2 protein chains.
Amino acid sequence: MKLKDLSELLNLSPTTVSRALNGYPEVSEATRRRVREAAETHGYRPNVRARSLATGRAMAIGHVIPLSSKHEMMNPVFTDFIAGAGEVYAAQGYDMLLTIVPDELQEQTYRDLRTNGSIDGLLVHSPKLAEQRIHLLNEIGIPYVVHGRASDCNEPYAWVDMNNTHAFRRATDLLLDLGHRRIALVNGLADMDFAIRRQAGFEEAFAARGLDTDPALIAGEEMTEMFGHEAARAFLAQPDPPTAFLVSSIITALGVRRAIGETGLRLGRDVSIVTHDDDLSYLQNRGDVPMFTATRSSVRDAGRHAARILIDMVENPAAGLRQALLEAELILGQSTGPRLQSAAE
Amino acid sequence: MKLKDLSELLNLSPTTVSRALNGYPEVSEATRRRVREAAETHGYRPNVRARSLATGRAMAIGHVIPLSSKHEMMNPVFTDFIAGAGEVYAAQGYDMLLTIVPDELQEQTYRDLRTNGSIDGLLVHSPKLAEQRIHLLNEIGIPYVVHGRASDCNEPYAWVDMNNTHAFRRATDLLLDLGHRRIALVNGLADMDFAIRRQAGFEEAFAARGLDTDPALIAGEEMTEMFGHEAARAFLAQPDPPTAFLVSSIITALGVRRAIGETGLRLGRDVSIVTHDDDLSYLQNRGDVPMFTATRSSVRDAGRHAARILIDMVENPAAGLRQALLEAELILGQSTGPRLQSAAE
DNA sequence: GACTCACCCCAAAGCGCTTTGGATGCGGTT
DNA sequence: AACCGCATCCAAAGCGCTTTGGGGTGAGTC
């Protein structure tokens, strides 16, 4: 069933039918109703391709997921982020176009998507400290929103980010308040912007008390469970092991907890963990007393925010860039406790 | 830069340029080269919408992710599945269209995607035991591949699945061989097809030895860490607690392990776990001795398979339905050991 | 009754591409 | 020299929609 068929069926011109369905005022309410009903009963759906060819709008948002050839790792956070974004897209009539692309092909992909005409806007994931993509996208000239920020980039861009520095500042303060001094930071990859901000918050808290962080207690890698396990094992094997861990992902924190368990220490008594918690649907850190003390910030919410901002920019190009800084809440769970005095002290 | 511009630039007709770029034989090799080079240097990319309007092919595959309103849970397995599928799509020039849709809107979504013209084929996720979607899609008439199967469906359809029954049969046999008799099954949602097959394999192994499973030791829910924790806690609190757990997801298994740890039991000695392992990139169960004994089957591989099959069906409609049954491998890890004799025996 | 003015509606062009059905020119045959 | 066949190329139609620029009709006005 296409527009023409429907119009013939109704003894109307395609013009009128199109206008009726798209809510233009040049058509009487009676006709509009008649058209709407006919469209409904005959299951007419406008061909998206034809429409977007005619309007110049793709009604689609692209998500480009870079897949580093080294790690081949899909960020688990991604699932919930697109769930949030997808919700908004669906509500606004947009499609989501997902492209998973090796790091080295990214530039071409962005350019193609643009000239292709297959999307109206882009969502950029996993920004690094110095993010060339922003420059590229500004040059290409397509609306986009970055999930996260790029500290070393001084060009303007729209973003949605969590207040990483502040969250980790608070988390560190908590551990320091509990008496911990040997605190290990188990972070994400060192060139990721969020990881750098988190480390900054960590160091800020130490500095504010005139204390120093120990570089030997800082590690950064892809945030897998295995990495958390390995890093924690290594830290705990040091002569002067940490009494607390600050971890960047709840998945990594599970690995840290495993290592702690293997060492025979008790979590929340002998050793503390504070982790960031993206509030993933399959890994919820909830309950009367959540298993982890955590800085929580829903990544699904971030997805919703980003999608809304992006659509707004697409539909309203004059409005300018928009940003949103989401705050994390500090959740007290079972994984923290005051530092135990060692026998020597 | 559009086709017409390029053709004027080259003093050729749009026809010839189109043919040259698309590899039609009606154009001389010299011209083809000239056109290709010009296209390259001027960064010409055909407009996907216009092309697909003309050809009738969308060059896009749709993935529809049902989001149950009850659970609002994104399956973490999904991340790696689409990573695999996306790889294949990219290589074959297809786009991936992702739609996240509440359960109740699914039917309309499928119909729309079809009549919309925005996709050439569909990937169906998370089939349940009795899957109405298959009937619907057969009726709609669009190529699709199901990730998983629907046991209660006797219509023909293409699928890619893991051999769930066999995997869990083997896993159960292993535990039985180790002397375990009280084995708990911590499964996925009871109406999911894979969960039913896994339970079947579980029961099959018992039956083959003339043993009975205990319904009080079977639980099924969304496979979150929390569920694993709660289910295991409840089982361990029973008067005659299980000495082994068979778990459907490594994430759930982490919860089970947590519960075991809390009870003061030692994993691999006092209690055993065998889990299914989808080989998620961020939760790898590897190393000299992996942390979990597991039935491993890469869901990313499954994604690749499914994508290949689907594209094949799209480009080659006459070829008929295709299926692929992937076998899991049994990995021995640290989480299993022989059943300890209790003092009473 | 002629005129204006809304109000509804339509024909046709156009979005950027593919594809059908020729047209053209050239070397080779007879 | 006329003819044929082949290799190259092109004009124009068409994919399904939106949108521009009218055109007809009836009520209201003088």
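All values reported here derive from a predicted model rather than from experimental measurement. We name chains A, B, ... by the order of the sequence lines, and we start the count at 1 in each one.
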Using a strict heavy-atom distance below 4.0 Å, which residues from residues 27-35 of chain A are in contact with DNA chain C?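 Of all residues in residues 27-35 of chain A, the ones placing a heavy atom under 4.0 Å from DNA chain C are A:V27, A:S28, A:T31.
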
Of the residues in residues 41-61 of chain A, which ones touch DNA chain C at a heavy-atom distance under 4.0 Å?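 Correct list: A:L53, A:A54.
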
Would you name the heavy atoms of [X] and [Y] that are closest together and state the gap between them?
X	Y	answer
A:V314	A:Y94	CG1-OH, 3.9 Å
A:G141	A:R114	O-NH2, 3.1 Å
B:L310	B:G121	CD2-C, 4.2 Å
B:L3	B:P14	CD2-O, 3.9 Å

Any donor-acceptor N or O pair under 3.5 Å, side chains [X], [Y]:
X	Y	result
A:N316	A:R322	no
A:R32	A:Y24	no
B:S68	B:D103	no

Would you call B:T15 and B:E26 a side-chain contact if the rule is heavy atoms closer than 4.5 Å?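 Result no, sub-4.5 Å side-chain heavy-atom pair not found.
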
Would you find a donor on one side and an acceptor on the other, under 3.5 Å apart, between the side chain of A:E131 and the backbone of A:R133?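 Such a contact is found between A:E131 side chain and A:R133 backbone.
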
Using atom types as modelled and distance alone, determine if a side-chain donor or acceptor of A:R57 lies under 3.5 Å from a backbone N or O of A:E315.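 No; judged by distance alone, with no hydrogens or angles, the pair does not exist.
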
For the helix from C:dG1-D:dC30 to C:dT30-D:dA1, what angle separates the axis at the start from the axis at the finish, each from five pairs, in steps of 10°?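 The value is 70°.
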
Rounded to the nearest 0.5 Å, what separation is found between the OG1 atom of A:T99 and the CG atom of A:L122?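 If we round to the nearest 0.5 Å, A:T99:OG1 and A:L122:CG are 8.5 Å apart.
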
What distance do B:L280 atom CG and B:T79 atom OG1 have between them, rounded to the nearest 0.5 Å?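 B:L280 atom CG to B:T79 atom OG1 measures 7.0 Å (nearest 0.5 Å).
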
salt_bridge(B:R304, B:D301) N-O dist < 4.0 Å: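 Salt bridge present between B:R304 and B:D301.
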
B:E139 bridged to B:R111 by N-O distance under 4.0 Å: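 Yes, this pair counts.
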
Regarding B:N11, tell me which of base, sugar-phosphate or nothing describes its non-hydrogen contacts under 4.0 Å with the strands shown.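 The residue B:N11 makes sugar-phosphate contact but no base contact.
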
Which residues satisfy the ring-ring contact (aromatic ring centres under 6.0 Å, His included) test with B:F78, sequence neighbours excluded?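 Residues passing ring-ring contact (aromatic ring centres under 6.0 Å, His included) with B:F78: B:H125.
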
Provide the start and end nucleotides, 5' to 3', of the part of DNA chain D that has atoms under 4.0 Å from heavy atoms of chain A.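 Contact span on the strand: D:dG16 to D:dG21.
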
Could you run through nucleotides 20-27 of chain C and give me one letter per nucleotide, 5' to 3': B if any protein heavy atom sits under 4.0 Å from the base, S if only the sugar-phosphate is that close, - if neither? BB------

